[in-house]
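Right, one structure below, let's go through it.
We count residues from 1, following the sequence as given.
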Amino acid sequence: MRIAALLLVALALPAQESPQERVRAFERAVVQEMSDARVNPRAYARHLLELRNCFEGTLWKRPGRNPLRTEEGQEAIDEAIDFLEAARPVGPLRFNEGLAQVARLHAQDLGRRGALDHVGADGSRLSDRLNRFGTWHGLVAENISTLEEDPRQVVIQLLVDDGVPSRGHRHNLFNPDLHQAGVGSAPHRDYRVVTVIDYAGGFTLGP
């Protein structure tokens with residue numbers, strides 16, 4: 001009876017996630033966070049409102065996190081809040097495993113080299129990398145995030161787009177012609193972690 005009782009207790013314990021499973025869960029959560037922002041931008045603005053008063057000049061002191069030196073300070077997050085409160089909802093993003101595979105390889109490449117650009121070590125651009133794995137249609141785009149290991153903070157970084165005058169990361173996230181996304185995350189030599197997000201109107205794995 002004692003053995004049976006111990007077995008029942010063991011079966012009731014949750015299985016431990018492997019490091020790879022945690023990374024995969026993070027990648028899917030980033031896509032879900034982006035989709036939430038697109039579908040209900042006004043509601044998503046509340047997440048930014050919670051952080052807007054954490055600035056001392058250009059130093060962003062978020063609770064429980066190391067201070068982050070920004071370029072624009074509170075002005076950039078206020079602009080992002082205004083954008084979200086005025087934005088029209090766009091369709092949700094669907095997670096695409098093929099896009100995620102392409103993004104993971106680029107994230108690993110960037111991490112090893114300590115790079116932060118959209119060109120691979122072999123000179124490849126996003127369209128080249130997608131062509132190696134399958135067929136894409138419509139528009140394609142790529143965002144890169146660093147330092148953040150929380151899915152919501154990755155998306156907030158893209159929305160605020162501090163120091164990027166064009167706000168190109170935000171525009172990619174809200175582009176209504178991009179319907180699918182895949183995320184790849186990897187350790188980075190200089191910035192701890194890098195997260196690559198690849199978007200497409202559609203993407204199919206295979207020749």
Side-chain angles (χ1 to χ4, degrees), residues 15-41 44 89-155 157-159 161 164 166 168-189 191-207:
Q16 293 293 317
E17 277 189 326
S18 70
Q20 185 180 45
E21 287 172 332
R22 286 194 294 272
V23 171
R24 296 296 178 263
F26 167 83
E27 293 169 351
R28 286 183 173 272
V30 171
V31 175
Q32 185 60 57
E33 285 285 333
M34 292 189 297
S35 190
D36 291 345
R38 285 164 58 107
V39 170
N40 197 342
Y44 209 87
V90 295
L93 281 172
R94 298 190 303 278
F95 180 86
N96 182 298
E97 178 58 31
L99 290 173
Q101 290 182 28
V102 176
R104 286 173 198 138
L105 288 176
H106 191 50
Q108 292 162 11
D109 175 37
L110 294 176
R112 284 192 298 267
R113 294 187 290 124
L116 287 177
D117 55 43
H118 299 285
V119 180
D122 59 357
S124 63
R125 299 187 178 275
L126 174 59
S127 58
D128 301 319
R129 296 190 290 272
L130 292 174
N131 285 335
R132 292 171 185 167
F133 281 81
T135 303
W136 55 275
H137 61 83
L139 294 180
V140 296
E142 186 171 74
N143 280 343
I144 298 174
S145 166
T146 60
L147 296 173
E148 301 296 350
E149 298 174 272
D150 175 80
R152 180 164 296 166
Q153 295 304 317
V154 170
V155 176
Q157 183 185 85
L158 299 175
L159 289 169
D161 225 359
V164 182
S166 68
H169 299 92
R170 183 195 302 166
H171 291 317
N172 283 343
L173 201 162
F174 268 85
N175 190 322
D177 294 320
L178 298 171
H179 307 295
Q180 300 177 3
V183 174
S185 185
H188 193 277
R189 189 186 71 190
Y191 293 96
R192 193 172 64 245
V193 62
V194 60
T195 299
V196 174
I197 304 158
D198 287 341
Y199 307 85
F203 181 72
T204 305
L205 278 172

Q) Closest approach of Thr146 and Tyr191, non-hydrogen atoms and distance? A) CB-CB, 4.0 Å
Q) Can you name the closest pair of heavy atoms from Leu178 and Leu93 and give their distance? A) O-CD2, 3.4 Å
Q: Check whether more than 12 heavy atoms from other residues, nucleotides or ligands sit under 6.0 Å from atom CZ of Arg28, and answer yes or no.
A: no
(Q) Within this structure, what is the CZ-CZ distance for the pair Arg189 and Arg112, rounded to the nearest 0.5 Å? (A) 12.0 Å
Q: For Asp161 and Val164, indicate whether the former's side chain and the latter's backbone hold a donor-acceptor pair under 3.5 Å.
A: no
Residues 194-207, side-chain donor-acceptor partners within the protein, below 3.5 Å, at least two apart:
from: Asp198; atom 1: OD2; to: Ala103; atom 2: N; distance (Å): 3.4
from: Tyr199; atom 1: OH; to: Asn143; atom 2: ND2; distance (Å): 3.0

Q) Pairs in or reaching into residues 90-102: which pass side-chain hydrogen bond (donor to acceptor under 3.5 Å, both in side chains), with residues at least two apart or in two chains? A) Asn96-Gln180, Glu97-Arg104
Q: Grab the two heavy atoms, one from Val90 and one from Pro176, that are nearest each other, plus how far apart they are.
A: CG1-CB, 4.0 Å
Q) Quick one: are Tyr44 and Arg152 in side-chain contact, heavy atoms under 4.5 Å? A) yes
Q. Taking atom NE2 of His137 and atom CG of Leu130, what is their separation to the nearest 0.5 Å?
A. 11.5 Å
Q: Evaluate the side-chain proximity of Ser35 to Phe95: yes if any heavy-atom separation is below 4.5 Å, no if none is.
A: no
(Q) For the NE2 atom of His188 and the OG atom of Ser145, what is their distance to the nearest 0.5 Å? (A) 11.0 Å
Q: Go through the steps to decide whether Leu105 and Arg129 satisfy the test side chain to side chain contact (heavy atoms under 4.5 Å, CB included), and finish with yes or no.
A: CA-CA 9 Å; Leu105 288 176; Arg129 296 190 290 272; over 6 Å; no
Q.
Test side chain to side chain contact (heavy atoms under 4.5 Å, CB included) on Leu99 and Phe133; report intermediate values, then the result.
A. CA-CA 9 Å; Leu99 290 173; Phe133 281 81; over 6 Å; no
Q) Do side-chain atoms of Asn172 reach the backbone of His169 as a donor and acceptor pair under 3.5 angstrom? A) no
(Q) Could you tell me if the side chain of His106 sits less than 4.5 Å from the side chain of Val102, heavy atoms only? (A) no
Q: Kindly compute the distance separating CG (Asp109) from CG (Asp122), expressed to the nearest 0.5 Å.
A: 7.0 Å
**Q.** Within-4.5 Å side-chain heavy-atom neighbours: Leu147 and Arg192
**A.** yes
Q. Are the side chains of Val154 and Glu33 in touch, meaning some heavy atoms are under 4.5 Å apart?
A. no
**Q.** Check: Glu27 side chain, Ser185 main-chain N or O, donor-acceptor pair, under 3.5 Å
**A.** yes
Q. Which atoms form the tightest heavy-atom contact between Arg113 and Val119, and what is the distance?
A. NH2-O, 3.3 Å
Q) How many angstroms lie between atom CG of Leu110 and atom NE2 of His118, to the nearest 0.5 angstrom? A) 9.0 Å
Q) Is a side-chain N or O of Asn40 found less than 3.5 angstrom from the main chain of Asp36, in a donor-acceptor match? A) no
